[in-house]
Amino acid sequence: MITNRSAPHARVLPVLIVADVRAAVAWYCEVFGFVEHVRIGERHRSQLGLPEGPAAELVVAEVRPGRRTPRETRSHQVMLKVEDVADVVAEAVLRGATVADPERDWEYGERQATIDDPFGHQWVLNQTLHDTAPEEWGGQAVTPRPGG
């Protein structure tokens, strides 16, 4: 597959529609550690990514015909793996986020909390505590992931 320095490299990525692209980009960079890879116009669109580790990319775009910001009756969640859920939740709340679901440890080896960011998007923050086989908690391994 050919890569292009002007386009995101991830094969699947969320596009978050916001009223203020620059404010949202600054918030996602400061709170979640994203870096801005490509800026298209001052307020039109930005391509963000994470500086280290597996590829994770995100597009933040302005409201235009056919694009809508989230509403109470229609939304989504973006899951973001982080090193420390409590630290990221605390920073996000300091910068205007609200906690939708408090921190909780799950039987499948993950710690999660859910926040609503100031731009109308919901994030599930996910911290891996330990490796657990799906069968240990009632799940089922179907197709192994590469390298796993």
Side-chain angles (χ1 to χ4, degrees), residues 3 5 7-40 42-63 67-148:
T3 57
R5 288 174 289 156
H9 293 181
R11 293 183 65 192
V12 176
L13 64 145
V15 176
L16 302 183
I17 307 304
V18 300
D20 187 339
V21 171
R22 297 312 323 146
V25 167
W27 199 91
Y28 296 142
C29 290
E30 292 166 5
V31 174
F32 296 145
F34 279 97
V35 295
E36 188 172 20
H37 290 302
V38 176
R39 182 180 298 174
I40 304 165
E42 186 56 31
R43 297 174 4 157
H44 172 57
R45 174 179 277 206
S46 283
Q47 299 170 11
L48 308 181
L50 293 172
E52 297 174 18
E57 295 183 288
L58 173 71
V59 171
V60 180
E62 69 182 334
V63 177
R67 295 184 195 158
R68 293 171 278 183
T69 56
R71 295 187 180 139
E72 190 172 325
T73 58
R74 181 191 68 246
S75 189
H76 58 274
Q77 291 181 323
V78 179
M79 182 177 283
L80 179 65
K81 291 200 172 258
V82 299
E83 289 293 322
D84 189 312
V85 165
D87 285 351
V88 176
V89 167
E91 182 67 21
V93 168
L94 278 174
R95 295 178 181 269
T98 57
V99 175
D101 192 16
E103 184 178 317
R104 176 177 173 189
D105 291 354
W106 293 90
E107 63 272 13
Y108 46 83
E110 302 292 306
R111 175 173 293 148
Q112 293 178 335
T114 303
I115 62 164
D116 294 330
D117 74 25
F119 311 98
H121 301 284
Q122 191 167 79
W123 295 79
V124 178
L125 304 172
N126 192 81
Q127 174 184 349
T128 299
L129 302 173
H130 53 83
D131 181 36
T132 304
E135 291 75 12
E136 292 179 42
W137 53 268
Q140 178 184 5
V142 179
T143 303
R145 289 182 177 90

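Between G33 and P51, the shortest heavy-atom contact is O-CD, 3.3 Å. S46 approaches E36 most closely through the heavy-atom pair OG-OE2, 2.5 Å. Among all heavy-atom pairs drawn from A97 and W27, the shortest one is CB-CZ2, 3.8 Å.
Here W137 pairs with nothing under the side-chain hydrogen bond (donor to acceptor under 3.5 Å, both in side chains) rule; sequence neighbours left out. With sequence neighbours left out, the salt bridge (Lys or Arg N to Asp or Glu O under 4.0 Å) criterion links R104 to no other residue. For F34, there are no ring-ring contact (aromatic ring centres under 6.0 Å, His included) partners, not counting sequence neighbours. For the side-chain hydrogen bond (donor to acceptor under 3.5 Å, both in side chains) test, no residue two or more places apart in sequence or in another chain qualifies with H37. With sequence neighbours excluded, the residues that form a side-chain hydrogen bond (donor to acceptor under 3.5 Å, both in side chains) with E62 are H44, R64.
Annotation: the span from E103 atom CD to T114 atom OG1 amounts to 11.0 Å, rounded to 0.5 Å.
In this structure, the side chains of L16 and Y28 come closer than 4.5 Å at one or more pairs of heavy atoms. Considering only heavy atoms from C-beta on, E107 stays 4.5 Å or farther from T132 through its side chain. Under the 4.5 Å side-chain criterion, counting only non-hydrogen atoms from C-beta, L125 is in contact with F32.
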Exercise. What do the steps show when you test V21 against R39 for side chain to side chain contact (heavy atoms under 4.5 Å, CB included), and what is the final call?
Worked result: CA-CA 10 Å; V21 171; R39 182 180 298 174; over 6 Å; no
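Shown here is R22, whose CZ atom has more than 12 heavy atoms of other residues, nucleotides or ligands within 6.0 Å.
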Please report, to 0.1 Å, the donor-acceptor pairs under 3.5 Å made by any side chain of residues 79-93, with sequence neighbours excluded.
unit_1 : atom_1 : unit_2 : atom_2 : d
K81    : NZ     : T128   : OG1    : 3.3
D84    : OD1    : A86    : N      : 3.0
D84    : OD1    : D87    : N      : 3.0
E91    : OE2    : R95    : NE     : 2.4
E91    : OE2    : R95    : NH2    : 3.2

